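Values in this document were obtained by computation on a predicted structure and should not be read as measured data. Atoms considered below: every heavy atom in the structure, side chains included; atoms not considered: hydrogens, waters and symmetry mates.
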Amino acid sequence: MTSTTNLSQPKLQFHPNAYDFVFEALQQAQEIYSRTVVNENDQEEAHVSGQELLDGVRALALKQFGLMTTTVFKVWGVESTKDFGKMVFEMIEHGRMRKTDNDRLEDFVDLYDFEQVFDLNYVIDTSQVFNRSTADQA
């Protein structure tokens with residue numbers, strides 16, 4: 001998936017913030033996989049698969065929302081990884097994203113479980129909490 005610009009406002013199936021988040025997750029995935037767009041001619045090289053986009057979703061969600069991720073997603077109407085695929089294909093249909101012939105909605109189905117990834121496996125980093133600097137010891 002890669003992005004395009006189109007200012008028309010189609011009817012949305014999910015909360016508008018969810019679509020903005022998908023674009024941010026696309027950029028996150030492009031950074032993770034070193035596929036950033038330098039100019040318009042590099043769109044094909046910047047393409048990420050559905051699974052790669054969902055890696056960007058996971059990384060960005062944990063960074064931005066932490067343990068609140070599943071709550072935020074529920075407010076947006078997003079219940080599974082397939083919903084991100086629905087958003088992507090909705091944006092493709094409205095000219096806001098592009099796809100290749102290999103991209104399918106099925107690429108987004110059940111790649112990970114939100115509760116498992118965002119709640120049960122969540123690790124709170126306490127490494128800096130009990131770390132006292134030498135200035136604090138004086």
Side-chain angles (χ1 to χ4, degrees):
M1 278 29 78
T2 54
S3 64
T4 63
T5 55
N6 185 343
L7 300 178
S8 64
Q9 295 294 326
K11 182 179 181 294
L12 305 175
Q13 183 178 350
F14 300 93
H15 192 284
N17 291 350
Y19 296 89
D20 294 337
F21 180 82
V22 168
F23 279 112
E24 290 177 47
L26 172 61
Q27 291 174 338
Q28 179 76 42
Q30 288 171 326
E31 288 174 19
I32 290 170
Y33 293 100
S34 301
R35 299 198 194 128
T36 54
V37 178
V38 177
N39 63 51
E40 195 66 28
N41 296 333
D42 294 337
Q43 290 287 329
E44 192 68 30
E45 293 176 23
H47 180 269
V48 296
S49 69
Q51 181 173 354
E52 292 167 336
L53 177 59
L54 287 170
D55 288 343
V57 165
R58 178 178 29 226
L60 185 62
L62 288 169
K63 187 178 358 177
Q64 282 191 353
F65 308 124
L67 280 172
M68 293 296 296
T69 297
T70 54
T71 301
V72 171
F73 286 177
K74 283 179 186 174
V75 169
W76 290 348
V78 178
E79 298 177 1
S80 69
T81 56
K82 182 178 180 179
D83 288 337
F84 283 107
K86 289 178 181 178
M87 279 186 269
V88 164
F89 278 84
E90 191 177 330
M91 289 188 282
I92 290 167
E93 186 177 308
H94 294 289
R96 296 187 64 209
M97 290 184 107
R98 298 181 192 156
K99 73 177 200 77
T100 67
D101 292 337
N102 297 326
D103 293 322
R104 303 171 303 136
L105 180 58
E106 293 79 22
D107 298 340
F108 293 87
V109 176
D110 295 330
L111 288 187
Y112 52 81
D113 177 71
F114 287 173
E115 182 180 7
Q116 188 70 42
V117 170
F118 299 121
D119 294 337
L120 300 176
N121 291 349
Y122 189 81
V123 177
I124 297 173
D125 181 8
T126 60
S127 62
Q128 299 299 314
V129 175
F130 301 107
N131 187 13
R132 293 179 59 171
S133 68
T134 53
D136 291 341
Q137 295 175 2

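Taking every heavy atom of both residues into account, Gln28 and Leu60 meet most closely at OE1-CD1, 4.0 Å. Closest approach of Met87 to Ala18, counting heavy atoms only: SD-CB, 3.6 Å. Residues Leu53 and Val22 approach most closely at CD1-O, 4.1 Å, considering heavy atoms. In terms of heavy atoms, Phe118 sits closest to Ala61 at CE2-CB, 3.9 Å. Considering every non-hydrogen atom in both Thr70 and Glu115, the closest pair reads CG2-N, 4.4 Å. Closest heavy-atom contact between Glu52 and Ala29: O-CB, 3.4 Å.
A donor-acceptor pair under 3.5 Å is formed between the side chain of His15 and the backbone N or O of Asn17. Formation of a donor-acceptor pair under 3.5 Å by the Tyr19 side chain with backbone atoms of Phe14 is found in this model.
Going from atom CG of Asp119 over to atom CG of Asp113 covers 9.0 Å, rounded to the nearest 0.5 Å. Rounded to the nearest 0.5 angstrom, Asn102 CG and His47 NE2 are separated by 8.0 Å. With values rounded to the nearest 0.5 angstrom, Arg98 atom CZ is found 12.5 Å from Thr100 atom OG1. In this structure, the separation between CG on Leu26 and CZ on Phe23 is 7.5 Å, given to the nearest 0.5 Å.
Legend: residues meeting side-chain hydrogen bond (donor to acceptor under 3.5 Å, both in side chains) with Asp83, ordered by chain and number and at least two apart, are absent. Shown here are the side-chain contact (heavy atoms from CB on, under 4.5 Å) partners of Glu93, two or more places apart in sequence or in another chain: there are none. For Phe21, the ring pair (Phe, Tyr, Trp, His ring centres under 6.0 Å) partners two or more places apart in sequence, or in a different chain, are Phe65, Phe73, Trp76. Residues passing the side-chain hydrogen bond (donor to acceptor under 3.5 Å, both in side chains) test with Thr126, sequence neighbours excluded: none. In this structure Asp125 satisfies the side-chain hydrogen bond (donor to acceptor under 3.5 Å, both in side chains) test together with Ser127, sequence neighbours excluded. When the side-chain contact (heavy atoms from CB on, under 4.5 Å) test is applied to Asn121, the partners found at least two apart in sequence or on another chain are Gln116. With sequence neighbours excluded, the residues satisfying side-chain contact (heavy atoms from CB on, under 4.5 Å) with Leu54 are Val57, Thr81, Phe84, Phe108, Leu111, Tyr112. Looking at residues two or more places apart in sequence or on another chain, you find a side-chain hydrogen bond (donor to acceptor under 3.5 Å, both in side chains) between Glu24 and Gln64.
The salt bridge (Lys or Arg N to Asp or Glu O under 4.0 Å) contacts involving residues 57-79 comprise Asp55-Arg58, where partners must be two or more places apart or lie in separate chains.
Both Val117 and Ile124 are members of a single hydrophobic cluster when ILVMFWY side chains are connected at heavy-atom separations under 4.5 Å.
Within 6.0 Å of the CG atom in Asp110, the count of heavy atoms belonging to other residues, nucleotides or ligands does not exceed 12.
In this structure, Tyr33 belongs to a hydrophobic cluster whose other members, linked by side-chain heavy atoms under 4.5 Å apart, are Ile32. Annotation for Val109: hydrophobic cluster partners, listed by chain and number, are none (ILVMFWY side-chain heavy atoms under 4.5 Å, direct or chained).
Using a 4.5 Å heavy-atom cutoff, the side chains of Lys86 and Leu105 are in contact. Inter-residue side-chain proximity for Val72 and Thr69 is flagged as unmet; no heavy-atom pair is nearer than 4.5 Å.
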